[in-house]
2 protein chains.
Amino acid sequence: MTTRRVNLNTESVDNYLKAIYSLGGTEEERVTSTALSERLGVAPASVTNMLQKLAASPTSFVEYEARRGVRLSAAGRRRALEILRHHRLLEAFLYKVLDYPIEEVHDEAERLEHFISERFEERIDAKLGRPKFDPHGHCIPALDGKMVKRASQPLTAIEIEGHFVVESVSDRDATLLKKLKAHGISPGVHLHVIRSTHDELVLRTGRGSKPLHLPRSVAEAVRIRFTH
Amino acid sequence: MTTRRVNLNTESVDNYLKAIYSLGGTEEERVTSTALSERLGVAPASVTNMLQKLAASPTSFVEYEARRGVRLSAAGRRRALEILRHHRLLEAFLYKVLDYPIEEVHDEAERLEHFISERFEERIDAKLGRPKFDPHGHCIPALDGKMVKRASQPLTAIEIEGHFVVESVSDRDATLLKKLKAHGISPGVHLHVIRSTHDELVLRTGRGSKPLHLPRSVAEAVRIRFTH
DNA sequence: TAATTTAATTAGGTACACCTAAAATGGAGT
DNA sequence: ACTCCATTTTAGGTGTACCTAATTAAATTA
Ligand SMILES: [Mn+2]
Ligand SMILES: [Mn+2]
Ligand SMILES: [Mn+2]
Ligand SMILES: [Mn+2]
């Protein structure tokens with residue numbers, strides 16, 4: 001029986017690797033089938049199937065043990081970061097060059113990330129002046145896959161009064177992004193949190209504006225740093 | 001037996017419709033399975049299969065009679081022209097905005113044309129100032145699918161001395177395109193054909209240049225108009 | 001420890017877009 | 001009218017990526 005080697009250059013494989021990467025966290029923990037199933041909107045059985053296929057392939061992108069979850073190999077991480085680079089460069093490009101509204105860049109990038117060539121990647125990178133961050137404030141991985149994850153915390157973690165800078169906003173929910181935009185909350189903006197209750201945060205943005213009441217469901221989409 | 005309706009929003013269907021469109025010529029003749037098979041690089045049996053599927057679908061993009069060939073319906077033509085618009089806008093965009101070399105735009109556009117959104121299409125169109133022609137000199141279909149086919153003829157049809165303007169160059173063969181570029185032959189360039197033999201054309205481009213010997217295999221990629 | 005619940009895997013499908021090999025069709029030439 | 005043969009279609013498969021239902025394994029709880 002010849003080991004029939006499967007084709008790993010597919011949109012699907014890309015998406016599995018990206019999902020494992022982002023669910024794995026900083027310490028690269030094992031990711032469960034259920035978590036992947038939910039993230040990818042695919043039945044658990046389909047996940048198992050794909051993980052077995054990936055693990056069995058000669059160029060193995062993952063370490064997988066049945067019932068113990070999956071994590072990326074070095075090659076898998078490289079590939080995941082390459083797609084993430086495509087994604088974030090595309091977002092920056094759509095936002096800055098093609099004047100997309102911020103809440104629309106993610107979905108378009110999610111599709112195109114799998115189909116642009118290395119030349120396209122290089123050209124938009126050049127056009128943008130080798131940007132380090134995408135429009136949501138997320139770090140763009142370098143060509144060699146290097147990426148520093150900056151220290152930051154969810155705005156909802158704040159329980160006391162204080163001054164902060166918006167590090168990033170979540171890119172997934174367009175409705176939420178529109179709300180944040182309407183309130184002037186975007187990466188780099190200074191926030192003065194006045195108080196935090198069980199269901200909302202009260203804060204000021206910039207200077208001289210009246211206090212803003214932000215439901216926790218909205219504040220969840222914002223990550224912040226302390227102003228040094 | 002319920003009429004299981006198939007999904008027609010696929011890259012494959014796009015490519016079949018485009019191929020039928022371009023092989024159909026101006027008078028929209030029937031296209032044979034063999035012609036499609038060759039154009040698409042797919043077995044004749046696969047073509048038959050797809051044509052049957054397309055014809056059977058409720059939203060019929062084609063008129064197909066077994067053994068008599070296929071042609072586009074109005075809806076099919078609309079769809080083919082939409083993809084062609086994507087393709088040519090993309091080529092113009094890659095060339096003008098992202099500084100691609102002319103011989104590389106086609107392949108990238110061929111992939112991306114299926115995946116860009118209507119918003120993307122609109123934005124690159126705006127960025128380019130609503131261009132009418134792609135970098136090879138081909139007409140870009142309007143949003144409503146209207147497109148005037150200009151009168152032109154292959155450079156190889158010329159048998160006598162005369163003055164012409166390059167209308168367009170073929171986009172498919174990158175090697176040929178590089179040769180034409182090296183000789184300064186691109187849309188809008190004036191040509192003075194000096195003589196034509198069985199295996200080459202001798203001509204001058206612009207003013208003051210020394211005569212150029214163009215093999216017929218290269219000249220085939222050039223279409224020209226008379227200078228009025 | 002035994003019973004229950006949850007998570008994950010196996011088993012057996014479907015749809016899509018291809019393929020090769022075999023059969024059918026129909027037009028050309030005799 | 002008949003044979004030939006290129007073209008086209010049918011028949012039967014493959015690989016990818018899903019699905020549902022049934023089963024098994026591993027945690028939890030009692
Ligand atoms: Mn995104
Ligand atoms: Mn994606
Ligand atoms: Mn082209
Ligand atoms: Mn195409």
Side-chain angles (χ1 to χ4, degrees), chain A residues 1-20 23-24 29-71 79 83 110-111 114-115, chain B residues 1-20 23 29-59 61-71 79 83 110-111 114-115:
Chain A
M1 192 189 92
T2 45
T3 306
R4 48 166 62 60
R5 61 190 177 297
V6 291
N7 178 17
L8 301 181
N9 293 108
T10 68
E11 197 181 342
S12 251
V13 169
D14 282 358
N15 286 334
Y16 275 88
L17 297 180
K18 263 179 63 180
I20 297 167
L23 292 171
E29 300 153 18
R30 278 182 213 280
V31 175
T32 65
S33 298
T34 318
L36 282 168
S37 162
E38 271 161 23
R39 165 65 70 105
L40 295 167
V42 141
S46 305
V47 172
T48 299
N49 217 281
M50 177 62 101
L51 294 183
Q52 289 173 343
K53 204 177 82 177
L54 287 177
S57 166
T59 50
S60 190
F61 283 143
V62 299
E63 289 161 30
Y64 167 64
E65 281 177 86
R67 289 167 217 277
R68 304 203 48 204
V70 69
R71 35 189 264 185
R79 177 69 168 279
I83 306 297
E110 192 71 33
R111 229 176 324 110
H114 312 288
F115 305 110
Chain B
M1 193 189 89
T2 45
T3 307
R4 48 166 66 61
R5 61 191 177 296
V6 292
N7 177 18
L8 299 180
N9 294 107
T10 68
E11 197 181 341
S12 252
V13 169
D14 282 358
N15 287 334
Y16 275 89
L17 297 179
K18 265 179 62 181
I20 297 167
L23 294 171
E29 300 153 19
R30 279 183 213 278
V31 176
T32 66
S33 298
T34 318
L36 282 168
S37 162
E38 273 161 22
R39 166 65 69 103
L40 294 167
V42 141
S46 306
V47 172
T48 300
N49 218 279
M50 177 61 101
L51 295 183
Q52 288 173 341
K53 204 177 81 175
L54 287 177
S57 165
T59 50
F61 283 144
V62 299
E63 289 160 32
Y64 168 65
E65 282 177 88
R67 299 192 157 88
R68 305 204 48 205
V70 68
R71 35 189 265 187
R79 176 69 167 278
I83 306 297
E110 191 72 32
R111 230 177 322 110
H114 312 289
F115 305 109

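If you're wondering where the values come from, they're calculated on a predicted model, not measured in any experiment. Side chains included, hydrogens not; waters and symmetry mates left out as well; all remaining heavy atoms used.
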K.L.:
Grab the N/O contacts between the protein and nucleotides 2-7 of chain D below 3.5 Å, and write none if there aren't any.
P.N.:
none

K.L.:
Could you point out which residue of Asp14(A), Asn9(A), Thr10(A) forms a side-chain hydrogen bond (donor to acceptor under 3.5 Å, both in side chains) with His114(A)?
P.N.:
Asp14(A)
K.L.:
What I'd like to find out is whether the side chain of Val62(B) reaches to under 4.5 Å of the side chain of Leu17(B), using heavy atoms alone.
P.N.:
yes
K.L.:
Would you mind reading off the distance between Leu54(B) atom CG and dC16(C) atom P, rounded to a whole angstrom?
P.N.:
11 Å
K.L.:
Give the rounded distance in Å between these two atoms: CG of Leu40(A) and P of dC19(D).
P.N.:
10 Å
K.L.:
In the structure I gave you, are the side-chain heavy atoms of Tyr64(A) and Thr48(A) within less than 4.5 Å of one another anywhere?
P.N.:
yes
K.L.:
In terms of heavy-atom contacts, does CZ of Arg79(A) have more than 12 from other residues, nucleotides or ligands at under 6.0 Å?
P.N.:
yes
K.L.:
Provide, to the nearest angstrom, the distance between the CD atom belonging to Glu65(A) and the C1' atom belonging to dT9(C).
P.N.:
15 Å
K.L.:
To the side chain of Lys53(B), which of dC16(C), dT10(D), dA17(D) is closest?
P.N.:
dC16(C)
K.L.:
Check the distance between dC16(C)'s C1' and Asn9(B)'s CG and give it to me in whole angstrom.
P.N.:
14 Å
K.L.:
Which pair of heavy atoms, one from Ser37(B) and one from Ala43(B), lies closest together, and at what distance?
P.N.:
OG-C, 3.9 Å
K.L.:
When rounded to the nearest 0.5 angstrom, what is the spacing between OG1 in Thr32(B) and CZ in Arg39(B)?
P.N.:
11.5 Å
K.L.:
Looking at residues at least two apart in the chain, or sitting in another chain, which of them share a salt bridge (charged side-chain N to carboxylate O under 4.0 Å, His left out) with Glu29(B)?
P.N.:
none
K.L.:
Going by side chain to side chain contact (heavy atoms under 4.5 Å, CB included), Tyr16(A) matches just one of Val70(A), Leu40(A), Val31(A), Leu8(A). Which one?
P.N.:
Leu40(A)
K.L.:
Could you write out each protein N or O paired with an N or O of nucleotides 18-21 of chain C at a distance under 3.5 Å?
P.N.:
from, atom 1, to, atom 2, distance (Å)
dC18(C), OP1, Ser12(B), OG, 2.6
dC19(C), OP1, Ala43(B), N, 3.1
dC19(C), OP2, Ala43(B), N, 2.9
dC19(C), OP2, Ser46(B), OG, 2.4

K.L.:
Between dT10(D) atom P and Leu51(B) atom CG, what is the distance in whole Å?
P.N.:
11 Å
K.L.:
With Glu63(B) as reference, evaluate Arg68(B), Arg30(B), Arg71(B) under the salt bridge (charged side-chain N to carboxylate O under 4.0 Å, His left out) test and give the passing residue.
P.N.:
Arg71(B)
K.L.:
With the side chain of Thr10(A) defined as its heavy atoms from C-beta on, choose the nearest nucleotide among dT9(D), dT16(D), dT10(D).
P.N.:
dT16(D)
K.L.:
From CD of Gln52(B) over to C1' of dA17(C), roughly how many Å is that when rounded to an integer?
P.N.:
14 Å
